Novice: 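Input: one structure, supplied below.
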Amino acid sequence: MTDPETPAAGWVPEPAEEESAEDDMPLSLRLSIADTLTLGNATCGFMAVYFTTTGILIPHLTGSGESGMARNSAATAVILMLLAAVFDLFDGIVARKLRSSPMGAELDNLSDLISFGLAPAYFVLVYGMVAVDAHQKMSALAAIVVLLAVVLRLARFSCVTMKDGMFQGMPSPFGALTVVSIVLLELPFVPTLLAIIGVAWLMVSRVEYPKPRGVLAVAMLCWIISAMGLLAAWAFDAPGGQLLLQTGCALQIAMAATIPLFATTRKANTFRHNRREARATTLR
């Protein structure tokens with residue numbers, strides 16, 4: 001008598017269809033197109049640190065550097081930060097249009113920390129070591145302030161829910177480019193230091209900034225491309241390159257100063273309008 005639970009002799013169960021390697025891979029480990037762009041962001045940030053070190057810091061410490069080489073390396077480092085901002089802009093667009101892996105938000109924060117936290121903070125630190133009138137310890141303090149501001153801003157971004165289309169605090173790519181512009185403008189040390197700390201404060205402030213979407217995204221991309229051209233002209237010592245670079249840096253700083261004023265004015269006007277409507281409703 002055959003046990004009903006025992007397979008009949010000679011019968012071998014057919015193996016289940018093998019799942020593809022992609023199906024076996026957890027969803028959280030699959031990289032999307034948006035994630036690949038985010039990794040490009042991180043790579044640009046790391047390479048910006050590399051060029052700042054090899055082209056500016058090491059030649060200064062060894063006394064073997066030339067002003068032209070330092071200028072080319074500084075321009076390359078900042079262009080890489082601008083390219084990181086382009087990757088950061090497009091990974092959000094691609095994630096909205098296609099899809100993003102569950103790792104997307106974490107990858108974005110980590111990459112932003114490298115490109116818009118570590119890279120500009122390190123740029124400020126090296127500036128404090130190579131500039132004629134700079135103070136190394138104060139520059140190190142300013143660099144730490146920039147880095148911590150980006151860390152706090154990114155952590156808050158992950159925890160605080162804002163209304164659609166708005167950021168709370170200056171976006172870290174915009175803040176990083178403003179910090180670098182302040183350094184490249186070659187102002188006296190004290191105003192440079194105060195301006196850098198002011199930008200760090202704006203990044204952790206509650207000032208609302210619009211997200212770069214639609215026309216604003218196109219305008220931002222055009223501005224980044226223009227900034228790359230200005231840096232290239234400066235790096236190759238083109239006629240008027242220094243003036244063009246200073247003009248671009250001044251415009252970046254002016255935008256960083258005026259956007260919070262417009263945002264604060266708009267918020268105040270909205271508050272007054274809501275209060276007037278509330279009073280009118282009460283009197284009815």
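Owing to the predicted nature of the structure, the values given are computational and were not obtained by experimental measurement.
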Novice: Can you confirm whether Val124 sits close enough to Pro120 that some side-chain heavy atom of one is under 4.5 Å from a side-chain heavy atom of the other?
Specialist: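 When only atoms from C-beta onward are counted, Pro120 and Val124 do not touch, as no gap falls below 4.5 Å.
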Novice: Give every residue pair that meets the ring-ring contact (aromatic ring centres under 6.0 Å, His included) criterion with at least one member in residues 185-204, sequence neighbours excluded.
Specialist: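 Pairs touching residues 185-204 that pass the test: His135-Phe189.
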Novice: Any chance you could lay out the side chain to side chain donor-acceptor pair (under 3.5 Å) test for Asp112 and Asn41, step after step, and finish with the verdict?
Specialist: CA-CA 7 Å; Asp112 286 355; Asn41 171 6; 3.0 Å; yes
Novice: Looking at every heavy atom in both Ala200 and Ala149, which two are closest together, and how far apart are they?
Specialist: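 That closest heavy-atom pairing would be O-CB, 3.5 Å.
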Novice: Test: side chain to side chain donor-acceptor pair (under 3.5 Å). Region: residues 188-197. Which pairs qualify, not counting sequence neighbours?
Specialist: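 For residues 188-197: none.
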Novice: Is a side-chain donor or acceptor of Ser172 paired with a backbone partner of Phe116 at a separation under 3.5 angstrom?
Specialist: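 Side chain of Ser172 to backbone of Phe116, a donor-acceptor pair under 3.5 Å: no, none is there.
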Novice: Tell me whether Ile259 is reachable from Ile224 by hopping between hydrophobic residues (I, L, V, M, F, W, Y) whose side-chain heavy atoms are closer than 4.5 Å.
Specialist: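 Yes; Ile259 is reachable from Ile224 via cluster members.
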Novice: With hydrophobic residues grouped by side-chain heavy-atom distances under 4.5 Å, do Leu80 and Leu230 end up in a single group?
Specialist: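 Cluster IDs for Leu80 and Leu230 differ.
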Novice: Going by heavy atoms in the side chains, are Leu57 and Leu61 under 4.5 Å from each other?
Specialist: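 They are in side-chain contact.
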Novice: Flag yes if Tyr209 and Phe157 sit in one hydrophobic cluster, no otherwise; membership is Ile, Leu, Val, Met, Phe, Trp, Tyr, and two members link when side-chain heavy atoms are under 4.5 Å apart.
Specialist: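 Yes, Tyr209 connects to Phe157 through the hydrophobic network.
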Novice: Which residues satisfy the side chain to side chain donor-acceptor pair (under 3.5 Å) test with Thr178, sequence neighbours excluded?
Specialist: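 Testing Thr178 for side chain to side chain donor-acceptor pair (under 3.5 Å), a comparison that skips the adjacent residues, returns Gln252.
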Novice: Which pairs count as side chain to side chain donor-acceptor pair (under 3.5 Å) when at least one residue sits in residues 235-247, sequence neighbours excluded?
Specialist: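 Non-adjacent pairs meeting side chain to side chain donor-acceptor pair (under 3.5 Å): Trp234-Gln242.
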Novice: Excluding sequence neighbours, so at least two apart, what forms side chain to side chain donor-acceptor pair (under 3.5 Å) with Asp108?
Specialist: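 For Asp108 there are no side chain to side chain donor-acceptor pair (under 3.5 Å) partners, ignoring immediate neighbours.
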Novice: What I'd like to find out is whether the side chain of Asn72 reaches to under 4.5 Å of the side chain of Phe51, using heavy atoms alone.
Specialist: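 No - every pair of side-chain heavy atoms lies 4.5 Å or more apart.
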Novice: Going hydrophobic residue to hydrophobic residue with side-chain gaps under 4.5 angstrom, can you get from Val86 over to Phe174?
Specialist: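 In one cluster with Val86: Phe174, yes.
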Novice: State yes or no: do Leu89 and Leu110 share one hydrophobic cluster built from I, L, V, M, F, W and Y residues joined by side-chain heavy-atom distances below 4.5 Å, directly or via other members?
Specialist: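 In one cluster: no.
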Novice: Are Arg71 and Phe236 in a cation-pi contact, defined as NZ or CZ under 6.0 Å from the six-membered ring centre and within 45° of the axis?
Specialist: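 Not satisfied by the 6.0 Å and 45° rule.
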Novice: For Gln168, does its backbone N or O pair with a side-chain atom of Arg206 as donor and acceptor, under 3.5 Å?
Specialist: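 A pair under 3.5 Å: no.
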Novice: Which pair of non-hydrogen atoms, one from Pro212 and one from Ala217, has the smallest distance, and what is that distance?
Specialist: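 Looking at all heavy atoms of both residues, the closest pair is O-CB, 3.3 Å.
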Novice: Taking only residues at least two apart or on different chains, which pairs with a member in residues 237-259 satisfy ring-ring contact (aromatic ring centres under 6.0 Å, His included)?
Specialist: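 Sorted result for residues 237-259: empty, none.
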